[in-house]
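Here's the structure we're looking at; comments come further down.
The figures here come from the full heavy-atom set of this structure, side chains too, leaving out hydrogens, waters and symmetry mates. In what follows, residues are counted from 1 in the order of the sequence shown.
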Amino acid sequence: MKLTYKYLKSRIINNRWMGKDVLEIGEDIISMTNRKLNNISPFRAIINSDLAAMVPIKSLAEEALLFSDLSVISSLLTLETCYGINRAFNSKTHKNSSSYGQSKLNSTLPSDNDKYFYSQATEVWNETLNIPTLDTDINEIRTSIKSSVGDVQSSISNKVMSFQEKFGIGFIETQIESVKSLAEASEGKVESRLRTQLSRLRKLFKSMQPIDNFPVESSFSSGSINYISPKILPRLTDVVEIVNKLASWFLSIFSIPSGILEALSYAVTSVVCKAIGSVGANACRYLAAGVFKSSPQLVPAIASSSGTLFAGVWATLSAYAPYIAIIGLLILVAIKWSKQTELGDFIYLLGTKPIIEGRIPDPDLGFATVAEMNEAEIRSYILEFANRMIDEGRTTYENFWAFVLNDDNQITLCLDLKNLSAPIPVKDEAIISSLWGSFRLFLDEFSED
């Protein structure tokens, strides 16, 4: 494990982050830092599932057991991220957290590392997990997980409210009385220091606004679920967006409600970006803080005994920490697992037209040879080629297919292009073989021309 992560682990003191009284760490995350994944309920819900639709996710969980360092990394970065988002929320320099986070994304150029992981994450969405297809079974997946972990949101609500009861208004009142008594019995520099602390605690006490309850809502959404067309030159916003989409989808399988989902998605995205060395990690922390600022009902009134640390955001995020860490882990495993497809240099496009007066028109054919293009470039070129073919033919196609072949005439990629804004990968070998066979006669004639 890298020195960075050993340093982060050293920040856990007596099951508290940096030893601070109010930054308590749950047993689940402590277990994860010690490689005990099976102690964590959301992980058990996945690894023990017998649901057929869960197989791709379960495979990731099984793979995660083989990469125990990744579970340590994800859990430690989750704790660091929770603290980082809490700091961003409290920032006096960048009070408009969302605006600052977005400006960092817009103004920062992606590194080569960012671009590589963008293509990997896009492949995870489109190919490795095939989220658009997997999402068709989302209700079954949610039911399966809920039967194992129970009502996640009610459990979280209880944790947050218990945290506020322990470190909220009553706790600060007790600290005020304790420090006041100590100050009255002291003199000199000690008394001066205690009077300063007392003043700070009283000021904090007046600003605290406890929440009456933590929202428990039933509505949740992971947004639009379509295939993603990779960009040849992704910006940093594109890198963050694809990881964020993966995070949102995974959170949705645990029925995380929409009110908190956006903030948690940014938290997971920050964990993943930090782990892969993306410069988007810090921007995501400010974007998450911005969500909390616009949703005060998600922020309990919690502070440290010194009066120097408001930890309401930490309280909420730490309650969700096992989910943030597990989802971050699954995305990291999926990216590690995903291998960029070795595509070929030969592209064929085939468009079929509607039957006219009982006659089936010959398909329109397109062919191109490309060289030294990576997968993202080839996919992007296919869409440009397809649009050009439609424009030049001034037609629409009943069916529209793309095939990529390598030097051995093996089909390495087949796409359904009926909807060019969301190409659908065809993965069934029998279907691919049948489609290719049905066009073979036309292709042979096309080759002779």
Side-chain angles (χ1 to χ4, degrees), residues 28 40-49 51-61 64 74 78 81 85 121-122 124-157 160 214-228 240-273 284 287-288 291-292 295 298 316-317 319-335 422:
D28 281 353
I40 303 170
S41 59
F43 187 82
R44 287 199 307 271
I46 293 170
I47 204 80
N48 295 331
S49 176
L51 183 69
M54 284 282 286
V55 169
I57 306 171
K58 185 174 179 177
S59 296
L60 290 182
S74 184
T78 292
T81 296
I85 295 171
T122 304
V124 169
W125 180 275
N126 288 336
E127 306 280 351
T128 309
L129 290 178
N130 195 347
I131 297 294
T133 297
L134 197 56
D135 190 67
T136 60
D137 295 315
I138 191 69
N139 290 329
E140 286 182 71
I141 293 171
R142 285 172 180 154
T143 299
S144 171
I145 287 177
K146 189 172 183 178
S147 68
S148 176
V149 300
D151 188 336
V152 172
Q153 197 60 15
S154 292
S155 173
I156 295 292
S157 177
V160 172
F214 191 78
V216 180
E217 49 181 298
S218 58
S219 63
F220 43 81
S221 170
S222 50
S224 176
I225 306 298
N226 295 311
Y227 289 95
I228 296 169
V240 166
E241 182 181 1
I242 181 59
V243 177
N244 194 266
K245 284 177 76 70
L246 285 165
S248 294
W249 190 85
F250 273 109
L251 285 164
S252 78
I253 73 175
F254 291 101
S255 302
I256 303 296
S258 56
I260 186 72
L261 188 139
E262 185 181 5
L264 297 182
S265 294
Y266 281 128
V268 173
T269 303
S270 181
V271 168
V272 174
C273 285
C284 288
L287 291 169
V291 176
F292 282 112
S295 307
L298 300 175
T316 297
L317 289 174
Y320 284 103
Y323 297 89
I324 296 170
I326 289 298
I327 292 169
L329 171 63
L330 293 177
I331 293 174
L332 288 171
V333 170
I335 289 174

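By the 4.5 Å heavy-atom criterion applied to side chains, F250 and I326 are not counted as neighbours. In this structure, L264 and I327 have side chains that are not in contact, with every pair of non-hydrogen atoms separated by 4.5 Å or more. With a 4.5 Å cut-off on side-chain heavy atoms, T81 and I324 do not count as touching. The shortest side-chain heavy-atom distance between S270 and V268 does not fall under the 4.5 Å cut-off. Here the side chains of F292 and I260 are in contact, with some heavy-atom distance below 4.5 Å. A 4.5 Å side-chain heavy-atom check between Q153 and S255 finds every atom pair outside the cut-off.
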Margin query: Is there a side-chain contact (heavy atoms from CB on, under 4.5 Å) between L60 and I46? Walk through the geometry before answering.
Written below: CA-CA 9 Å; L60 290 182; I46 293 170; over 6 Å; no

Next item on the list: With side-chain contact (heavy atoms from CB on, under 4.5 Å) as the test, would you mind laying out the steps for I138 and W249 before giving the verdict?
Entry: CA-CA 9 Å; I138 191 69; W249 190 85; 3.8 Å; yes

Next item on the list: Decide yes or no on side-chain hydrogen bond (donor to acceptor under 3.5 Å, both in side chains) for S265 and N244, but give the supporting numbers first.
Entry: CA-CA 6 Å; S265 294; N244 194 266; 4.6 Å; no

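The minimum heavy-atom distance between P322 and I40, with the atom names listed, is CB-CG2, 4.1 Å. Between M54 and A45, the closest heavy-atom pair is CE-O, 4.3 Å. Counting all heavy atoms, side chain and backbone alike, A319 lies closest to V160 at CB-CG2, 3.9 Å. Here the shortest heavy-atom pairing between A334 and V124 reads O-CG2, 3.5 Å. Shortest non-hydrogen contact noted between A267 and L317 is CB-CD2, 4.5 Å. Nearest heavy atom pair, residue V240 against residue C273, reads CG2-SG, 4.5 Å.
Screening I145, T143, I141 against L51 for a side chain to side chain contact (heavy atoms under 4.5 Å, CB included) leaves a single residue, I141.
Judged by distance alone, with hydrogens and angles left aside, the side-chain atoms of D137 form no donor-acceptor pair with the main-chain N or O of E140 at under 3.5 Å. Remark: the backbone N or O of I228 is paired with a side-chain donor or acceptor of N126 at under 3.5 angstrom. A donor-acceptor pair is defined here as one N or O able to donate and one able to accept, closer than 3.5 Å; such a pair exists between the side chain of S59 and the backbone of V55. Panel note: side chain S157, backbone F214; a donor-acceptor pair is recorded below 3.5 Å.
For the atom pair D135 CG and S252 OG, the distance stands at 6.5 Å (nearest 0.5 Å). Residue W125 holds its CH2 atom at 8.5 Å from CG of N226, rounded to the nearest 0.5 Å. Of the inter-residue distances, the one linking T269 atom OG1 with K245 atom NZ reads 11.5 Å to the nearest 0.5 angstrom. Here the CD1 atom belonging to I156 is positioned 9.5 Å from the OG1 atom belonging to T316, to the nearest 0.5 angstrom. Distance CZ/R142 to OG/S147: 14.5 Å, rounded to 0.5 Å. To the nearest 0.5 angstrom, I253 atom CD1 is 14.5 Å from K146 atom NZ.
Partners of N48 according to the side chain to side chain contact (heavy atoms under 4.5 Å, CB included) rule, which considers only residues two or more places apart in sequence or in another chain, are R44. Under the ring-ring contact (aromatic ring centres under 6.0 Å, His included) criterion, Y323 pairs with F254, sequence neighbours left out. Partners of A288 by side chain to side chain contact (heavy atoms under 4.5 Å, CB included), not counting sequence neighbours, listed by chain and number: I85, Y266.
Side chains of Y320 and T78: a donor-acceptor N/O pair is absent below 3.5 angstrom, by distance only.
For NZ of K58, the number of neighbouring non-hydrogen atoms (other residues, nucleotides, ligands) closer than 6.0 Å is greater than 12.
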